[in-house]
Amino acid sequence: MSTTRPAPDLARRNFLKGATLAGAATLASPTGVQAQLAHPNPRVTAMVRPDLVAETMPPSNDPVTQTSSGGDFMVDVLKTLNIDYCAINPASSFRGIQEAIINYGKNTKPELITCPHEEIAVSMAQGYAKMDGRPMAVLAHGTVGLQHAAMGLYNAFCDRVPVYLMIGNIVDAEKRMPGVEWAHSAIDPAALVRDFVKWDDQPASLQHFAESAVRAYKIATTPPMAPVLLSLDAELQENPIIDPESLHIPKLAQVALPQGDPSAVDEAARLLVGAQNPVILCDRVVRTPAGFDRIIELAETLQCAVIDLGGRMNFPSRHPLNQSFRRPAVIGQADLIFGIELNDYYGAVHGFSDRIIRHTSPMFRPNVRTISLGVRDLYTKSNYQEFQRYADVDLAIAGDGEATLPALIEAVKHRVDAGRAAAYEARGRALAAAQVAMVEAAKSEATIGWDASPITTARLCAELWAQIRHEDWSLVGNGIRMLWPQRLWDFDASYRWNGFSGGAGVGYNAPASAGAALANKKHGRLSVSIQGDGDMMFAPGTLWTAAHHHIPILYIMHNNRAYHQEYMYVQAMANRHARGINNAHIGTTLTDPNIDFATVAKGFGVYGQGPITDPNDLRPALERAIAVVKRGEPALVDVVTEPR
Amino acid sequence: MARLVEIVAGVMALAVVGLGPRANAQTQPTPSGNAAHGRELYLATGCFECHGRNGQGGAFNGPAPALAHTEMGFEAFKEQLRQPANDMPAYAAAVMSDQDVADVLAFVHALPGPRSPADIAIFKD
């Protein structure tokens with residue numbers, strides 16, 4: 001039995017040469033020496049000492065160089081997919097393709113992004129894909145790397161974001177190095193995450209890889225989008241190519257996106273045009289600037305309320321028809337609710353009471369008509385319950401929201417006559433007045449505690465807005481929910497906001513923000529992320545990646561020194577029992593010692609300031625940090641804030 | 001099922017208890033509040049966790065309204081504490097007495113309310 005990996009220049013997958021290969025390996029290896037020493041011929045045994053054998057044996061058929069590899073071909077395939085970046089934490093199981101990317105592929109398309117954790121790699125890819133519109137690749141170790149990556153994958157899946165994940169594996173047990181390589185190999189490594197990837201494969205040949213690689217990209221980027229996984233056998237990556245002429249890279253056809261059925265779209269238009277108070281709810285609709293414009297066009301045609309749930313940057317925050325912060329009132333008045341790409345239709349139109357007896361209550365009137373448009377109905381898995389409660393709507397249109405909007409807008413415009421248009425104008429004026437009042441109320445509320453320390457989140461956001469508003473800014477992460485930025489800032493383009501995590505897995509915000517900032521880099525945008533302290537503690541190594549790869553991003557720490565949502569939950573439980581909250585800090589706070597995030601940042605090579613406790617120190621700190629970011633580097637300002 | 005019955009019974013009992021103070025409210029004098037003690041309670045009992053140290057408001061499962069310069073009177077304020085209308089944690093009398101409630105209310109009434117945004121340079125344009 002040979003326990004060595006065979007000679008690289010011999011085609012290990014060519015079973016016709018297997019006998020030759022086995023002989024060569026035996027001659028070259030210590031085990032082979034031992035075998036020879038055990039030769040039954042006593043004369044040979046007497047003549048050969050083990051150390052002498054190694055030095056004096058004639059040259060073996062055990063080449064040490066090669067001129068081609070499967071990894072090179074894999075790079076050729078990846079280059080056809082136009083993938084700019086590949087985030088990795090280096091690992092032996094994909095050393096073949098890694099070497100091919102950096103040398104054969106000259107580290108471009110994809111360029112490797114070094115990450116100190118696989119969850120960082122996947123979350124960066126999630127943030128990148130939403131901002132750029134194209135997926136980013138990730139390479140991870142099989143088994144252990146994939147286990148680290150799993151949380152990020154789940155977020156991306158729940159968020160319906162494509163991530164092009166490849167892992168290394170050593171399929172052939174005979175070729176595994178004793179020890180670690182066994183622990184790092186699996187029969188079916190994708191089984192771990194199959195509940196939350198859209199498709200996976202483990203190609204058995206290079207041609208198989210080529211087709212699966214293109215197929216994976218196509219599947220990942222066809223709505224509903226989601227991560228895909230390819231398990232790459234190490235032998236396949238490393239071995240020479242046997243028959244290069246036989247290999248063919250299939251072309252990546254542009255997929256025509258699924259649109260809603262025309263008759264259903266026309267019916268939706270009829271209902272929208274005839275409604276007295278229609279409201280549009282949108283969540284994960286906008287993928288492109290065109291999608292952003294289309295929602296505006298639809299809303300302005302109807303002069304109806306729009307509620308942006310924030311899964312993507314769907315609708316301008318200061319648009320007169322934006323009623324996002326009046327959701328219960330607007331839905332309560334609506335006679336038609338039109339939900340586009342809602343992650344949770346039911347939850348969007350119901351209130352939920354988190355009391356001893358949990359219950360829901362509708363926000364809407366009993367006779368309201370409801371329409372859904374989106375890809376939710378095209379794809380659902382069973383185990384993880386991220387599909388939410390059943391959307392009990394009157395008309396469900398299965399199709400991509402953004403792709404269906406042009407037909408819907410055309411159908412709506414076709415039905416709107418002059419008489420309706422006049423009525424719509426009156427409706428729009430009332431909504432505009434309500435929007436203005438909402439903004440003014442937000443400004444007024446933001447002044448409460450203006451000079452207080454800890455610094456209010458409103459003051460933080462107002463000061464930040466003052467510094468970025470004249471820049472080409474992009475809020476790539478937000479650890480304080482849709483509170484002050486969306487109330488105070490003017491989000492007027494599709495890249496101003498990048499949505500939420502999807503699965504609410506903590507540890508998303510820091511790396512996903514860095515990924516989005518990487519996508520923004522080529523546009524020269526000023527990327528800003530409001531960063532929770534608890535989230536940062538899951539993936540602080542993100543800061544090193546941002547420094548190493550010169551990713552310009554400004555992290556503003558919303559440092560409330562707690563896992564504050566959980567603190568409040570514990571408080572709620574304690575109050576149920578009338579036990580007081582004296583112990584609610586146990587297990588929920590990040591104090592004693594307080595975390596000095598500016599020093600943490602500096603340790604990773606990132607410009608850091610803070611902790612800022614005096615609100616009057618905010619503006620100069622932000623100015624200095626933004627100057628660093630505008631030079632192309634990351635910066636972090638640690639701000640000690642109110643809990644919310 | 002037994003647990004459900006137990007919970008329903010418990011909630012019903014709470015509702016009955018909740019009616020008691022309302023029934024007596026007309027005959028009970030409103031306690032005068034001590035704002036300084038109210039501030040201590042506001043921090044110690046965790047009001048600030050959702051509503052902010054300055055009563056500026058915040059969020060729990062949903063929005064937590066601003067309390068600075070609240071227009072709520074004692075009875076309405078106490079009712080919200082004892083039987084919250086939303087997901088706000090309930091504050092039973094064992095945790096916060098009626099006098100404590102009055103003190104907290106005095107504190108939030110004493111908090112500086114919003115300033116005019118026009119007085120703050122950031123909000124001028």
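Chain identifiers are assigned alphabetically (A, B, ...) following the order of the sequence lines, protein sequences preceding nucleic acid strands; residue numbering begins at 1 within each chain.
A/R619 does not touch chain B: none of its heavy atoms, backbone or side chain, sits under 4.5 Å away. With a 4.5 angstrom heavy-atom cutoff, A/F352 touches chain B only via backbone atoms. Heavy atoms of A/A466 lying under 4.5 Å from chain B belong exclusively to its side chain. When heavy atoms are compared at a cutoff of 4.5 Å, B/N61 approaches chain A by way of both its backbone and its side chain. Looking at B/A94, only its side chain comes within 4.5 Å of chain A, counting heavy atoms on both sides.
Contacts between residues 101-113 of chain B and chain A, defined by a heavy-atom separation under 4.5 Å, are made by B/P112, B/G113.
Donor-acceptor pairing under 3.5 Å is recorded for the side chains of B/Q56 and A/E642.
Between chain B and the options A/G351, A/A452, A/P454, A/A446, heavy-atom pairs under 4.5 Å are most frequent for A/P454. Ranked by heavy-atom pairs under 4.5 Å with chain B, the list A/E445, A/M573, A/R576, A/H564 is led by A/H564. Of the listed residues (A/A572, A/A458, A/A574), the greatest number of heavy-atom pairs within a distance under 4.5 Å of chain B belongs to A/A572.
One finds the CG atom of A/N575 at 8.5 Å from the CE atom of B/M96 (value rounded to the nearest 0.5 Å). Here B/I122 contributes atom CD1 and A/K443 contributes atom NZ; the two are 11.5 Å apart, rounded to the nearest 0.5 Å. Here the CH2-CZ distance, from A/W450 to B/R115, works out to 8.0 Å after rounding to the nearest 0.5 Å. Atom-to-atom distance recorded for A/R644:CZ and B/H51:NE2 is 13.0 Å, nearest 0.5 angstrom.
The two atoms that bring B/T45 and A/Q571 nearest to each other are O-NE2, 3.4 Å, heavy atoms only. Between A/I448 and B/N54 the shortest heavy-atom distance is CG2-O, 3.4 Å.
Side-chain atoms of A/R355 come within 3.5 Å of backbone atoms of B/P84 as a donor-acceptor pair (strictly under, hydrogens ignored).
Shown here are the side-chain contact (heavy atoms from CB on, under 4.5 Å) partners of B/C50, two or more places apart in sequence or in another chain: A/M568, B/F60, B/A64.
Here the side chains of A/S353 and B/D87 are in contact, with some heavy-atom distance below 4.5 Å.
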B/F123 and A/L488: side chain to side chain contact (heavy atoms under 4.5 Å, CB included), yes or no, with the steps?
-> CA-CA 9 Å; B/F123 293 127; A/L488 294 174; 4.2 Å; yes
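Within a 6.0 Å radius of CZ in B/R39, other residues, nucleotides and ligands contribute 12 heavy atoms or fewer.
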